[in-house]
Each structure stands twice: as C-alpha cells, then as structure tokens.
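Here is the structure we will look at, set down as structure tokens.
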Amino acid sequence: MSGDEVPLDEKARRMRDLLSSFYGPDPSMSPNPPSKFAPFDAINSNSFNADHYLNLLIHKSSLEGLLQRHVGMAAEIKNLDTDLQMLVYENYNKFISATDAIKRMNSNIMGMESNMEQLLEKIKTVQSRSDGVNTSLFEKREHIEKLHLTRNLLRKVQFIYDLPARLGKCIKSEAYADAVRFYTGAMPIFKAYGDSSFQDCKRASEEAIAIIIKNLQTFGENIWNTVEASYWMGKLFSDSESIQARAEAAMLLKHLDFPVDSLKAKLFEKLEQSLGDLQLKDEDISRCLLMSNDPSKLENHPESVAATVHEASVQEFVEAVRAYRVIFPDSDKQLIKLAQELVTKNFETGEQYGKKRIRAADLLAVLRMIWKEVLQMDEVLHESVLSEFSLEAVQITVKHHVASRFSHLLHDISDALTKVYVGQKEGMEEFPLQVALGASKKAVLQGSMDILLDFRQLLDDDLELLVKLRESILNWVQEGFQDFFRELHGRFLLLSGRNNSSSQVHGVAEGTQGDRVLASLVLVLAQLSVFIEQTAIQRITEEIAASFAGGGIRLYENGPAFVPGEICRSFRSAGEKLLHHYINLRNQRISVLLRKRFTTPNWVKHKEPREVHMFVDLLLQELEAIEKEVKQVLPQGLLRRHQRNDSNGSTNSSRSNPLREGKLSRTNTQKARSQLLETHLAKLFKQKVEIFTKVECTQESVITTIVKFSLKSLQEFVRHQTFNRSGFQQIQLDIQYLRTPLKEAAENEAAIDFLLDEVSVAAAERCLDPIPLEQPILDKLIQAKLTKSLSQSAVSS
C-alpha cells in the first residue's frame, strides 16, 4: 500500500527527520542516511551552512518573503517544542505504568514459593502410596491376567461347541449371511483341530451347512463355498432383489473367496439400470411440492408414502455405491461418472420444471430435494466434488427460470392486449379499450412487482447453492428486466404494424373492422408506453434499488445491467410514434372516405344541391368513433380552446368578409373571379394561425390533430377537381354544416375555421362559375338536415 501514501510536505518531512534523529539509536542504521552533498536549504543535515543559506535567502527573497519565512520558522520551532514536550510526557506515563506493573508482579509472586513446596510434598506422598499399591497388587494382577486369557480361550471353545446350534438358528431365520460369517470364523480352528478335539463339532457344523445347501437348491456335488457363492450370485443378478441386497451378496461372495472381479461389469450395469428409477419425474416433483406446502396434510397420505419410497431408493443407491467401492476399490471413476449423470439428469428435470409458470418457492423445494440427494452421494464419493458440479447445473436452472418468468410476463401482457380485439369484435364490454388498457397496466406493473417479490425469495433463501449464486441472480434479474422491456418495445411495434411482420396483426381481424381494431390497439399501445415510461419504470427502479442492488463485477466491466433511462427514452419515443401512427391510420380511413366522395361523381355536371350530402354523416360518424376511442384511453388535457375573435379578423376567411360576400352574390362571373384575387391579397394581411402543432397525449390534442389532417386532405381532394356552380354550392353547403360539429370536437376553433375557409376558397378557385348559395337558402337546408338528424336519433334511441 506504499504506492497509495500521500507525499509529505517539507514541514512534515523535516519534523519526522528531527524526531527520528532524536530517538534513533544509530544514525548509520537509518534507511535513508543523510547525503554528503545535501541541498543548501537542508537545515537538518550535518553539512548545513547557515551563513550561506541566509545569504542566498536574502538575495533571492523580498522583505515580505523574509518576514513570512521568519514567521514560518518561528511556528515550526514552537510546534517542535510542543511535540517534544508531548513525547516526553507520554514516555513518563509509560514509565510510570511499567513501574506499577512490576510492583504488582512482585507482590503476587511473594507467596508462590511456599505454595510450590507444599505441592511438591503432596506429589511425593501420592507417589509413595501408589508404589505401595502396585507392590501389593502385583501378584494378583498376574493371576487376573492369566484368568482373563483362560476365559477368552474358553469363550472361543464355547463358540465352537455352540456353532452347530447357532447354524441351526440361522437356518430357521434364513440368516444365511450370519451363517457364512460364523462358519468362516471357525474355519481356522476346524483346520487345526477338526480331526481331533473338535471332530464332533466340525461334523455337526458340516451337517448344518449341508442343510443350508439343500435349502438353497444348489449343486450337491460342489464344495460348500461354491454352493454358497452360487446362492449369492443368484441374489446378485435377481431383478426382484434390491440394490443393497445385491451389494451385500457381492460382499459375501468376496468373503467366500469367489472371483468377484468377473462380476464387476454386470453389477455396474445393474447400477446404471437403477438410474431410471432414481431420476426425478413429474409425480416426484408433485409429491415434493405437496409435502413442502402443507406437511400436516400428509399423514397417512399415499403421496407421502411414495415420497418416502423415493428417498429410500436414493439412500439404497448410496449404500450400494458405498458397497461397490469397498468391493471394487478401483471403480471410483465409473461411480463418479454415474453419480454426475444422475445429478445432471435431475437438474435437467428441474430446469424443465423451472421453465413452467411456477413460483420461486416451488422451484426452491425441487432444488432442495435434488441438493439433499447430492449431499448424500457426496458423502460416499468425496472425490467427485458433486457440490461444485451441481453449482453449474443449478446456475443454468435458475437462469432459465428467471428468463421464463419474464417470458410469461410478456405473454400475459400480450393476452391483456388481445382484449382490444375480443372486446370490440364481440361487443362484450361497454368500454373494451378502457378494460384492455387497465388490464395491460396491471399486467405490466403488478406482474413486475410479483416477479421481483418472487425473485426475492431466491435471494433470501439459505440454500448453499443459491448463496453462492447471489451476485449472479442480481445480474440476471436486472438483465432480465432490461431485455424484457426491450422485447416489449419490439412487441409493441409488431402489434402496431410498424415493421415487416405487421401481417401477423392484420390476420387477427378481417376487413374494415380489422383495420379499426388495429387502430384501437395502436392507441392502447401508445398510452401503455406512456404509462411504462412515467410510472412503471420508476416503481421497478425503486424496487430494484431497494432489494436488488449490486450485481458483481459486471457493473464495472460492462456497465449497469438495468438502465432505466434508456428504457424510458425508448418508450417515450415509442409512445410518440404510436400516437402518430394511430393518427395516420385514422386519417387514412378518412382519406378513403373522401376519395370515394370526390372521385365518384362528375362535378362539372353536378345537380343543384337539395340537402347536405351523406358523406358528411359518414365523416361525422367516423370522428365520433374516434372520439369514443380516445376518451376511453387518453386523459383529458388542460382546457385551452382557441375562440374566434371577429374583431381582429385573423381567423375570418375571405368568404366570411362582407365585401367578398357581396361580390360573390353578383351574377357576373368575371367579377367573382376578380374577387378571388382580392381573397389572396387579404390572406397576406391576416394574422398567422398555427395549424399543425405538437401532438400531445391528450384527448383534445389527438382529436384536433385528426380533424386538422382530415380538413387538409379534404382541401387537397377539392383542389384536384373542377366544379360547376352546383358542385361548388354543394361543397359550400357541406362545409357550412360541418363547421359547428367540428369546432365542438376540436379544441382550436380558430384553426378549424381557418381550414374550413381554406376548403371553401379552394372550391371557389376550382369552380367555373363560383357563385355561392344565398344565406337564407343555406340556413334553410342546414336546418332541414338538423331536423332530420334529430328525428333519426329519436327513432334509433
């Protein structure tokens, strides 16, 4: 850490050198001995020349500098005196404390010598009495030892005499392993004294072995050990026997001096076949979850019995592996590979289960069950290091579980958005867009909170594997949210039809209704993007900062895993794009209506208008549908309606000018056309009206923008046609009827008036004989249309 020390300034360095020189025992032992050629200002060096230093200081410094140097040296001298005084006081305190400690030691040691002498006398007394006891009991001890040896010999003799009876009991209880153990233990004595002292016992034991041979239905002509080996070989390769019984059979074969090495491959094959029964299955996981969720309900429950059977099978396998290692000491590599294969398959089963829609508590129960089996096998196979091997497997399992939870959340949000299709197509809800938006918001926010709460259980659990993976889990959760919102952003664009896969969306609905449903979905997506950017990201960021902070070295290498600012920017941009896309889709539909209206009739031969054209009703119906959608999804904005101001004439069209109305009422066509020139001149002096403003995510802004675009489209369609007088008057009638409902729908009345006037001017410019309808006639036709609309509304209601 020397590289991190802050370099000392000149004053501190000088003080340290002075103190070290004062207390140093030998200047020559200093690690930095003073240089022979010290600089001229090295006051603490032996070669310091005060006169030379003073002369240089006088020549190079001003009077003010000399005074400052004087004040500084005086302060240094005072500080050194103070430091030296403090050091002396501290040394005095240490000397006084040492003196007191020495006095206390002397007072405590004074009585110790007499106590040690008393202790030595007592030890000598105990030693003399112990020697007396040993002397008196020496003869008896030798006699007792002889009697003990005789007793052991008699017990062995008694065992030989009792052997036929013991073998008879083993035959009755079919404890053939005990019979083999007893008989093989007595074989050395039978070999030494079987033909003399223990001839009867040997004969009776052989008769008992013959009975065992007969009961086991073995070959009669072989010797006893071959018969016993045949029996245990039968148990070894019997499918009805347990693994532990097979291992016991192999051990007995080894005791009978049977060449068990030839059975190694067959026994290992049996162990491999048993893996299929030990692997986790769906029913095992179900039983595990049932036991972990409510253990009190599992008393005498068949599921608990089955779970106990599985645990017993695992324990039996462990014992079989233990016996196999004893029989075949050189089989560690094969057994380790076998155990790793079992652990791998169990974790693969857990991984597939973790990808399902499950809680973290369920996954923890499965991991605990697998980890318990790993620890059992690790006790037998220490060299396998199954705990470290399991760490890699559980890492994959937990990582896939985290990814699957985000995938399910994305699926839930998509399901909530499908209510836009279902609700509008089937009419099940009165406000399907509002229901779909509420469900989507809940799916995003509440779903994210549920996921974080679920992942918190993984972090709080004390399972050894998860404790080691804590930093990785933090990274996976943060990366998961970053990738989730990135995928959600792409899903929004996919559903809105703004990419090449938009045909998937259009396939959900058919025809015109499908286009309407798609536009409604785009509006919901736009508002949902605003909700994510303004509310959801903030809540999720707070929760991550509170419970999932950290994340290991990734924070320093690749930057933070979760970047809320980037997500907010992407969804803010997505909200704006989707809102404009919704406006474009609605205007495209209105443009189709306008195109049909203006391309179908022959405007040069148009008849005199008798009523407002039906396309006006269709246009208002379309705007009414848009308004209904917008009010379900978007919030209301600040009320700032732009009223007309007739005093300044800024929003009055050229047609509303009394001078222009008088000129249009003339029957002279030439004068009407000259009036158009006056109209264009009047535009130059009008106050500028802002038509297209920034679209805000409010009801008024969206409806106003759609109306503006619709009127602009209407103006362009008018400019592409040529009208006779009747056609021009029909346009005049339709525009005048639209004026009131459009201004009620939009928030900027001035802009709407301006655009409607522009349409009228464009129609007049494209008219061969631009003579408008007289005002009384115009009012009469509009009133008739209003009366008709009211009557139709009354009938329909």
Side-chain angles (χ1 to χ4, degrees), residues 420 424 430-434 512-524 526-527 579-598 611-637 639 641-642 644 691-693 695-718 730-731 733-760 782 785-786 788-790 792-793 796-797:
V420 178
Q424 287 200 359
E430 184 179 0
F431 303 107
L433 300 184
Q434 186 176 359
T512 305
Q513 181 68 17
D515 297 336
R516 175 172 297 180
V517 173
L518 175 61
S520 305
L521 177 61
V522 172
L523 182 62
V524 173
Q527 183 60 21
L579 194 60
H580 284 89
H581 187 47
Y582 171 76
I583 294 173
N584 292 334
L585 289 174
R586 283 310 187 192
N587 280 286
Q588 288 174 8
R589 181 177 175 84
I590 294 175
S591 297
V592 173
L593 178 63
L594 296 176
R595 182 180 295 107
K596 292 180 179 179
R597 167 64 180 123
F598 285 94
E611 61 179 355
V612 178
H613 196 271
M614 63 177 297
F615 107 92
V616 175
D617 295 331
L618 297 176
L619 178 60
L620 293 177
Q621 290 176 7
E622 192 67 28
L623 293 176
E624 183 180 356
I626 294 173
E627 185 176 1
K628 183 179 179 181
E629 291 177 354
V630 170
K631 288 184 177 180
Q632 291 184 59
V633 177
L634 299 182
Q636 288 185 343
L639 187 62
R641 301 181 66 87
H642 296 272
R644 288 177 57 95
I691 303 299
F692 299 108
T693 57
V695 182
E696 299 178 0
C697 196
T698 59
Q699 300 176 8
E700 296 81 6
S701 179
V702 171
I703 294 174
T704 302
T705 304
I706 293 176
V707 172
K708 290 178 180 179
F709 283 161
S710 301
L711 294 180
K712 264 299 186 183
S713 300
L714 178 59
Q715 181 182 356
E716 294 301 320
F717 280 113
V718 168
Q730 182 68 56
I731 298 298
L733 176 61
D734 296 340
I735 294 301
Q736 188 64 26
Y737 181 78
L738 286 171
R739 192 174 297 273
T740 300
L742 292 184
K743 288 195 296 183
E744 291 177 354
E747 64 175 351
N748 192 343
E749 296 183 0
I752 300 302
D753 272 335
F754 179 81
L755 290 173
L756 288 171
D757 292 341
E758 288 296 311
V759 175
S760 299
I782 291 176
K785 177 62 177 177
L786 292 174
K788 182 179 179 181
S789 299
L790 291 175
Q792 290 178 352
S793 299
S796 61
S797 61

key: Note, Glu629 side chain near Tyr582 side chain (heavy atom, < 4.5 Å)   = yes

query = Do side-chain atoms of Gln730 reach the backbone of Val612 as a donor and acceptor pair under 3.5 angstrom?
reply = no

ask   = Is Leu620 close to Tyr737 at the side-chain level, that is, under 4.5 Å between some pair of heavy atoms?
value = yes

Short side-chain donor-acceptor distance under 3.5 Å, Gln588 and Asn584 = no

query = Taking all non-hydrogen atoms of both residues, which atom of Asn587 and which atom of Ile706 are closest, and how far apart?
reply = OD1-O, 3.3 Å

ask   = For the atom pair CD (Glu749) and CD1 (Ile752), what is the distance rounded to the nearest 0.5 Å?
value = 9.0 Å

message = So, taking the atom named CG in Leu433 and the one named CG in Leu521, what distance separates them when rounded to the nearest 0.5 Å?
response = 9.0 Å

ask   = Can you find a heavy atom in the side chain of Asp617 that is under 4.5 Å from one in the side chain of Gln792?
value = no

ask   = At what distance, to the nearest 0.5 angstrom, does CG of Leu742 lie from OG1 of Thr704?
value = 10.5 Å

inquiry  = Could you walk me through whether Arg739 and Asp757 satisfy the side chain to side chain contact (heavy atoms under 4.5 Å, CB included) test, starting with their C-alpha distance in whole Å, then the side-chain angles of each, then the deciding distance to 0.1 Å, before giving a yes or no?
reply    = CA-CA 10 Å; Arg739 192 174 297 273; Asp757 292 341; 3.1 Å; yes

remark   = Rounded to the nearest 0.5 Å, the CD atom of Glu627 sits from the CD atom of Glu700 at a distance of 9.5 Å

key: Between OG on residue Ser710 and CD1 on residue Ile583, distance to nearest 0.5 Å   = 10.5 Å

note = In terms of heavy-atom contacts, Val630 and Gln699 come closest through CG1-CA, 3.4 Å

inquiry  = Between Thr698 and Leu634, does the side chain to side chain contact (heavy atoms under 4.5 Å, CB included) criterion hold? Intermediate values first, please.
reply    = CA-CA 5 Å; Thr698 59; Leu634 299 182; 5.8 Å; no

ask   = If you measure from the Lys or Arg side-chain nitrogens to the Asp or Glu carboxylate oxygens, is any gap between Glu758 and Lys712 under 4.0 Å?
value = no

task = Mind checking ring pair (Phe, Tyr, Trp, His ring centres under 6.0 Å) for Phe709 and listing every partner two or more places apart, or none if nothing turns up?
result = Phe692

task = Flag yes if more than 12 heavy atoms outside Glu716 fall under 6.0 Å of its CD atom; otherwise flag no.
result = yes

Nearest-0.5 Å distance that lies between atom CD in Glu744 and atom CD1 in Ile703 = 12.5 Å

query = Checking Ser701 side chain against Cys697 main chain: does a donor-acceptor pair fall under 3.5 Å?
reply = no

query = Hey, are the side chains of Glu622 and Arg586 touching, using non-hydrogen atoms and a 4.5 Å cut-off?
reply = yes

request  = List for me each residue that meets ring pair (Phe, Tyr, Trp, His ring centres under 6.0 Å) alongside Phe598, sequence neighbours excluded, and say none if there are none.
outcome  = Trp603

task = Under the side chain to side chain contact (heavy atoms under 4.5 Å, CB included) rule, what do Ile731 and Ser760 come out as? Steps first, then yes or no, please.
result = CA-CA 7 Å; Ile731 298 298; Ser760 299; 5.9 Å; no

message = Quick one, Leu714 with Ile590, criterion side chain to side chain contact (heavy atoms under 4.5 Å, CB included). Give me CA distance, side-chain angles, the key distance, then yes/no.
response = CA-CA 9 Å; Leu714 178 59; Ile590 294 175; over 6 Å; no

key: Lys631 NZ: over 12 foreign heavy atoms closer than 6.0 Å   = no

task = Taking side chain to side chain donor-acceptor pair (under 3.5 Å) as the test, write out the residues that go with Lys596, two or more places apart.
result = none

